[in-house]
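Just the heavy atoms: all of them, side chains too, but no hydrogens, waters or symmetry mates, feed the values below. This chain uses plain numbering: 1 for the first residue, then up along the sequence.
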Amino acid sequence: MMNVYPIEYKGHTFIAVSVQLPKTHLMAVKNDIGYIMCGALDVKLLNEKLADRHIVAGRATGVKTIDQLMEAPLESVTLEAESKYGITKGTIGKDALVKMVEQS
């Protein structure tokens with residue numbers, strides 16, 4: 001099953017995507033700039049092999065719901081998220097999303 005729905009926070013609308021897979025659950029919340037995602041996100045891959053794409057993203061681990069993803073501190077972030085938007089390890093997911101839209 002897959003769910004896609006809007007989330008409102010601080011006057012901004014973000015899109016949540018949740019995908020139920022066998023033995024796992026993928027979750028992401030996005031805006032037009034970037035996204036936050038569950039532990040399945042490979043930040044190292046984005047920083048090294050896909051660096052030319054300048055992807056703005058953050059990863060939170062140990063989350064099981066979109067609400068938890070929004071509230072969790074990010075375990076890792078892409079170089080682009082850090083250098084361009086000031087999103088660092090430990091930034092709360094929902095605050096990272098707001099930084100993306102308010103600093104663009």
Side-chain angles (χ1 to χ4, degrees):
M1 174 184 285
M2 184 167 105
N3 293 307
V4 178
Y5 55 93
I7 293 178
E8 300 288 328
Y9 180 66
K10 288 194 175 182
H12 303 288
T13 302
F14 306 105
I15 302 299
V17 179
S18 176
V19 181
Q20 294 286 339
L21 298 171
K23 300 183 183 180
T24 194
H25 183 192
L26 300 179
M27 297 169 291
V29 181
K30 71 164 221 83
N31 57 40
D32 290 339
I33 306 299
Y35 57 95
I36 58 172
M37 191 170 167
C38 64
L41 180 64
D42 188 342
V43 172
K44 183 178 177 184
L45 172 78
L46 299 180
N47 284 338
E48 294 177 4
K49 299 197 181 206
L50 303 178
D52 60 318
R53 296 184 188 185
H54 306 285
I55 295 170
V56 177
R59 173 183 183 211
T61 56
V63 296
K64 297 184 187 296
T65 66
I66 292 290
D67 288 339
Q68 289 177 355
L69 177 60
M70 292 289 285
E71 296 294 334
L74 298 177
E75 176 267 339
S76 56
V77 299
T78 60
L79 296 172
E80 189 77 5
E82 188 166 6
S83 66
K84 190 166 184 181
Y85 297 95
I87 300 165
T88 58
K89 178 179 175 178
T91 301
I92 300 301
K94 62 187 178 185
D95 295 333
L97 292 166
V98 170
K99 282 185 174 194
M100 291 176 203
V101 296
E102 289 185 349
Q103 294 182 30
S104 61

For residues [X] and [Y]: do they belong to one hydrophobic cluster (side chain heavy atoms under 4.5 Å, members Ile, Leu, Val, Met, Phe, Trp, Tyr)?
X: Leu69; Y: Val98; answer: yes
X: Ile92; Y: Tyr9; answer: no
X: Met70; Y: Tyr85; answer: yes
X: Ile66; Y: Val101; answer: yes
X: Val77; Y: Val43; answer: no

Test item: [X] side-chain N/O and [Y] main-chain N/O as donor-acceptor pair under 3.5 Å:
X: Asn47; Y: Leu79; value: yes
X: Lys99; Y: Gly86; value: yes
X: Asn31; Y: Leu97; value: yes
X: Arg59; Y: Met37; value: no

Looking at every non-hydrogen atom in both residues, tell me the closest pair between [X] and [Y] and how far apart they are.
X: Ala81; Y: Ala57; value: CB-O, 3.8 Å
X: Gly58; Y: Leu41; value: O-CD2, 3.5 Å
X: Leu74; Y: Ile87; value: CD1-CG2, 3.9 Å
X: Ile7; Y: Ala16; value: CD1-CB, 3.6 Å
X: Glu102; Y: His12; value: OE2-NE2, 3.1 Å
X: Val56; Y: Glu80; value: CG2-CG, 3.6 Å

Check your understanding: Are any non-hydrogen side-chain atoms of Ser18 and Leu26 less than 4.5 angstrom apart?
Key -> no

Study note, to complete from the structure: Residues at least two apart in sequence or cross-chain that pass salt bridge (charged side-chain N to carboxylate O under 4.0 Å, His left out) with Glu71, listed by chain then number, are Lys94

Exercise for review: Starting from the C-alpha separation in whole Å, work towards a yes-or-no answer on side-chain hydrogen bond (donor to acceptor under 3.5 Å, both in side chains) for Glu82 and Thr88.
Suggested key: CA-CA 6 Å; Glu82 188 166 6; Thr88 58; 5.9 Å; no

Point to revise | Nearest-0.5 Å distance that lies between atom OH in Tyr5 and atom OG1 in Thr13 | key: 14.0 Å

Exercise for review: Measure the CE-CG distance between Met1 and Leu21 for me, rounded to the nearest 0.5 Å.
Suggested key: 12.5 Å

**Study point:** No-hydrogen, no-angle side-chain donor-acceptor test under 3.5 Å, Thr61 and Glu75
**Key:** no

Revision key, fill the gap. The side chain to side chain contact (heavy atoms under 4.5 Å, CB included) partner of Tyr35 among Ile55, Val29, Ile15 is Ile55

